[in-house]
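What follows is one structure encoded as structure tokens, with my remarks underneath.
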Amino acid sequence: MADVLLSVEGLTRRFDVSKPWLNRVLEREDKQFLTAAEQASFEIKRGETFALVGESGSGKSTIAKMIVGLLEPSAGVIRFDGQDMDFASGAAMRTLRRRFQMIFQDPFASLNPRWRVGDIIAEPIRTFGLLRGAEIGNEVGRLLDLVGLSAADSAKFPHEFSGGQRQRIAIARALSSKPEFIVCDEPTSALDVSVQAQILNLMRDLQDEFGLTYLLISHDLSVVRHMANRIGVLYLGRLVEVADSKRLFTEPQHPYTSMLLDAVPDLALSGRRRMPVTGEIPNPINPPSGCTFHPRCPKVMDICRAQNPPDFTTATGRAACHLLATEVAAAEKI
Amino acid sequence: MRATKGETTMSDIIKKPEPGRFARAWDSDIAYSFRKSPLAIVAAAVSLLIILAAIFAPWIAPHDPFNPATLNLMDGFTPPMEPNQFTGNTYWLGTDNQGRDVFSTILYGARISLFVGFMAVAFAMVLGITLGLIAGYRGGWIDSLLMRVADVQLTFPSILLALLIFGVARGFIPPAYREAMAIWVLIVAIGLSEWVQYARVVRGATMVEKSKEYVQAARVIGAHPAKILIRHILPNVMGPVLVIATIGLALAIIAEATLSFLGVGVPSTQPSLGTLIRIGQGFLFSGEWWILLFPSLTLLALALSVNLLGDWLRDALNPRLR
Amino acid sequence: MKPPILSVRDLVVEFPTRRGTLRALDHVSFDIAEGEVLGMVGESGAGKSLTGAAIIGLLEPPGRVASGEIWLRGERIDNLPREKMRRIRGRRIGMVFQDPLTSLNPLYTVAEQLIETIRTHMDVSDKEARTRAVALLDRVGIPAAARRIDDYPHHFSGGMRQRVVIALALAAEPELVIADEPTTALDVSVQAQIIDVLKEICAERGASVMLITHDMGVIAETADRVAVLYAGRLAEIGPVRDVIQNAEHPYTAGLMGSIPTLTQTAARLTQIPGSMPRLNAIPQGCAFNPRCTKAFDKCFVEQPDLIARPDGRQVSCWLYDAQEKEVSHG
């Protein structure tokens, strides 16, 4: 079994969304907190693609940001290659930081419009002091070539490129510090489908070539299924199911996973009959009691309203649903 | 077999030689918008004319109004374009009570006015941008503190504030240096009364920019905050700053004129346009109108044209308003 | 055969710029039959939203209809005076946009907006209009419609807002609904619900739908026929099942192959090299020629017209022109 590159334990993030102090006093309101991620735990093995899927408010981007140090966790531990990530300690983090990178959703916002492409790609090289002088230019040229652009493009500005080309530039930049692990936050959701295919294929090729490990954040189940080895499904900040990619789609264990699958438009026109999707995501500031999915769950039981379900080991991975407890109990009786 | 070579862009299809830096600038949207705006062209021409005339005043001015050796009191009160009744000398715009050529004093006066204006704007910009960047990027109590200070300052008319700063500063400077330091005190006073605008705009723009992904990308690799502020955010917030700076230049020139008119600005040994106007208004009712009129017109033309240029720049940089 | 509800003929939309006139739509022709849902797909910049805007007379200046005709049930509407066009919008053509907040006025309650729309276009009393409005809200799936109708738009969630917009679009019982990316801003689980509501309620009321989206999946689920736009030109138009399962235009075929699905097994996605040209750099001949694997001499010279194919399909691709010749000559 491949070794674990990144492990996350009990990762939690709460945002203070209270009104300003004076309003609170006048309106006699308490402080309000939004729990964007609650007790998320998972492991990513070296060389695999682990995907986090979820709808808005599921906390997938919050988890990604905590892993790369853009947000401070309220609780929990992130371990990279066996070392605790402590973003407060500058010196110790410097060597760790070089080993992971991030690709963002919007290639129109992730490249500084005032910088030349060459400088954008070289920024990690310069920041980590990996190369100097003319070597940097050569390396930038090589990276541009690697992602399907040409070395001459380094003198241009981002606005001279299309969305797909910009995402290639962002990938070249992410690769420039020779990282082992890349967090990809919705890398293709701002792109057209024909360009999306190019970028997904490129990401795969690069993974094969450099043995990269990806954490893929996406709301698009088809993309996730195509790219990931294992998938974590998030709902309102909680990891409700983690399973092997292919089996998640054939044997969903959590009712929310089934609902998400049923909501995906059926391009194959197979005419499969699906469970109609109901309800909307509740306000994360006041999540429902017990299992947060219970108001929308077709299989809801009394216990779901009262207790948040623990994780149960399943044939495909693990899931947090009270139904599984009854299944486990039933199996034990036999 | 790796991803196919990049997607086609305009430049791939239209193979034309790389244009030079000037050609590119000439072809840019902002240059185009300038060429299409007669008002902007006139405003730019007038501003440029006055600025150049002020810079080259020692070479252009027919007289040196500050060299007592060349002044003749007999030349005093000569009306424009008329020979003096005693000396027979003719001056384009006439002379003042001491026989100084009004045209020359305007050139030298504009020099002082523009110097104070540019320096005050530069001072306000540096202060405002620095504080705005820090407030916007850091947020929290630093932001609250700076913005409350700004709010309080905005409740005072800026000219009053400049007057106050001017007065306090003079109190600290020994009398021997007051004359020499006056112009610098003026610059600091005007600059301090104008920094709030820059700080507010930069703070707002910084808060927008810092949430953009290119800033996050720099944070992921652990780039130093100072580097992120200066190299990443600053270039992207300069657009609106330039607009305020242009309009601010006109404001600073007017502020300087007001202070000098009130007699608290530059000393009369180095008269600015405002000082000239103050001197001139004393002669308005005795019939020597030209001593007041021509400096006033110059100030008006300068402030108006710079202001119009600022308005045009704001519209040109903000295409949504068109 | 009944005449179509909407008939667009050789529509050309141009944007004059200082660097020359850009042609954003180039001789686009299609019909929408009564009760039909026509899907309009294309990448961003292909001109799908522009087509919708041109039909309802809301092109943003400097864009303008340079030539072509738009007919609504036998009446030409592209050259109508502004005032007449405004009466057609809302009354005969309903609109649903991507962002529900642009269609709803935040300062008025949902009831006020619905009743106003109903009364502007129909001769009914205030009370009658309110009854209709409540029934409509109930129909689009707003729980406790009679109570919630007096709420303001911001009291509703994103999905509920889009339901209100659909109710608003259908309030005056239009013959045609133009829905421009109606689900793009919504979450996956809400998307499916909105699409269902839109489809059902339009079918119930016999309204035809022009569904503009970049999402092939939504089209597959909803549309009867689909029109594929590329660089402002129609690449292919035909019954949904045929186009999706057996695309004839190389662009459509590539597009279909590049979409990952829940059932596919290939390790790599088919990819179309390059990207759609910008409007100022559309190549001569077929706009798709630089990316087409099957392009031949003619494609680089002459722009193909729509060629009629079996089953009411039309494809603008020289491949099919040549084939027909071979068949007729051979």
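Hydrogens, waters and symmetry mates play no part in the numbers below; they use all other heavy atoms, side chains included. All values derive from a computational prediction rather than experimental measurement. Protein chains get the first letters and strands the later ones, always in sequence-line order, with residue 1 at the start of each.
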### Query
Under 30°, 30 to 60°, or over 60°: which ring-plane class applies to A:F80 and A:F181, parallel, tilted or perpendicular?
tilted
### Query
Is it the case that A:T49 and A:Q207 place a side-chain donor and acceptor less than 3.5 Å from each other?
yes
### Query
Heavy-atom count around A:R99 CZ within 6.0 Å, excluding the residue itself: above 12?
yes
### Task
Against chain B, label A:L70 side chain, backbone, both or neither, depending on which of its atoms sit under 4.5 Å from a heavy atom there.
both
### Query
Between A:P113, A:A170, A:P179, A:A174, which has the largest tally of heavy atom pairs under 4.5 Å with chain B?
A:P113
### Task
Return yes when atom CZ of A:F157 has more than 12 non-hydrogen atoms of other residues, nucleotides or ligands closer than 6.0 Å, and no otherwise.
yes
### Query
In chain order, what residues pass the side chain to side chain donor-acceptor pair (under 3.5 Å) check against B:K212, with sequence neighbours excluded?
B:E209
### Task
Could you look at A:R204 and say if it's the side chain, the backbone, both or neither that has a heavy atom under 4.5 Å from chain B?
neither
### Task
Could you tell me which portion of A:F128 (side chain, backbone, both or neither) has an atom closer than 4.5 angstrom to a non-hydrogen atom of chain B?
side chain
#### Entry: chain A-proximal positions within residues 215-244 of chain B [heavy-atom distance under 4.5 Å]
B:Q216, B:A217, B:A218, B:R219, B:V220, B:I221, B:G222, B:A223, B:K227, B:R231, B:H232, B:P235, B:N236
### Summary
For residues 125-142 of chain B against chain A, heavy atoms under 4.5 Å, the residues are none
### Query
Can A:S110 and B:E213 be counted as having a side-chain donor-acceptor contact under 3.5 angstrom?
no
### Task
Output all residues satisfying side chain to side chain contact (heavy atoms under 4.5 Å, CB included) with B:F123, sequence neighbours left out; order by chain, then residue number.
B:V188, B:L192
### Task
Consider only side-chain N and O atoms of A:R168 and A:Q198, and report whether a donor and an acceptor are under 3.5 Å apart.
yes
### Task
Would you kindly say whether A:W115 and A:E123 are connected by a side-chain donor-acceptor distance under 3.5 Å?
no
### Message
Under a 3.5 Å cutoff, is there a donor and acceptor pairing between the side chains of A:S189 and A:Q105?
### Response
yes
### Message
For A:S194 and A:D192: C-alpha separation, side-chain torsions, deciding distance, then whether side-chain hydrogen bond (donor to acceptor under 3.5 Å, both in side chains) applies.
### Response
CA-CA 6 Å; A:S194 74; A:D192 285 310; over 6 Å; no
